[in-house]
Amino acid sequence: MLVIEDSRIRKATWNDIRECVYIITQLIPIGRVVSYKAIAKTLGISPRSVAIALSKNEKPIVIPCHRVVHASGKIGGYTPHGQEFKKRLLSIEGVDVKDHRVPKEYFMDNELVELLL
DNA sequence: ATTTGCTCAGCTC
DNA sequence: GAGCTGAGCAAAT
């Protein structure tokens, strides 16, 4: 991932990555979901890094990290309060989590990539 | 459904 | 620097 600062291109720092991940996460509307992979693609970094960024999240509720799940539909993690809490948050927002899986119709990976690329 | 190998940024020593 | 740890992924089994 590269960023532009003072008209120069430089490698993104950890802070840059976190900032971008948080901003994108906040773009996800209520009742929808995206995968780590989709965010990684828009930023040009690895999915693993996105997960790390979210895990180090300092504002667990302001940053809706519960709307980010595995590409396969599996729930993923939610360190502050555990998977169960994450599931509960999602169902409150209208996402029907079936058997530790979120159905593909809730995903907006394509829209996100199309929007930001 | 489960295992396996790959990945890459942070943390520890 | 070297080695370990993940809120992951994709392919093979």
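The sequence lines fix the lettering, A, B, ..., with proteins before strands; numbering per chain opens at 1. Nothing here was measured: the structure is a model prediction, and the numbers come from that model.
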Show your reasoning for whether salt bridge (charged side-chain N to carboxylate O under 4.0 Å, His left out) applies to A:Arg32 and A:Glu93.
-> CA-CA 8 Å; A:Arg32 305 300 304 277; A:Glu93 296 185 349; over 6 Å; no
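- Using a 4.5 Å heavy-atom cutoff, the side chains of A:Tyr106 and A:Leu90 are not in contact.
- On the nucleic acid side, DNA chain B has its first and last nucleotide under 4.0 Å of a heavy atom of chain A at B:dC8 to B:dG10, going 5' to 3'.
- Straight-line distance from the CG atom of A:Asn57 to the P atom of C:dA7: 13 Å, rounded to whole Å.
- For the pair A:Val69 and A:Arg48, both in contact range of DNA chain C, the more 5′-proximal nearest nucleotide belongs to A:Arg48.
- Rounded to whole angstrom, the span from the NZ atom of A:Lys59 across to the P atom of C:dA7 amounts to 21 Å.
- Taking atom NZ of A:Lys74 as the reference point, atom C1' of C:dG6 lies 15 Å away to the nearest angstrom.
- The stretch residues 82-96 of chain A has no heavy atom under 4.0 Å from DNA chain C, so no residue of it qualifies as close.
- For the pair A:Tyr36 OH and C:dC9 P, the interatomic distance rounds to 8 Å; values are reported in whole Å.
- In this structure, A:Lys41 atom NZ and C:dC9 atom C1' are separated by 14 Å, rounded to whole Å.
- We find that CD1 of A:Ile52 is positioned 11 Å from P of C:dG6, with the value rounded to whole Å.
- Using a 4.0 Å cut-off, some side-chain N or O of A:His70 falls inside it from OP1 or OP2 of C:dC9.
- Remark: B:dT7 base-pairs with no nucleotide in the shown strands. Criterion, Watson-Crick or G-U wobble with two distances under 3.5 Å.
- Checking A:Cys65 against A:Lys37, the closest nucleotide of DNA chain C that is more toward the 5' end is the one next to A:Cys65.
- With rounding to the nearest 0.5 angstrom, the NE2 atom of A:His66 is 8.5 Å from the CD1 atom of A:Ile92.
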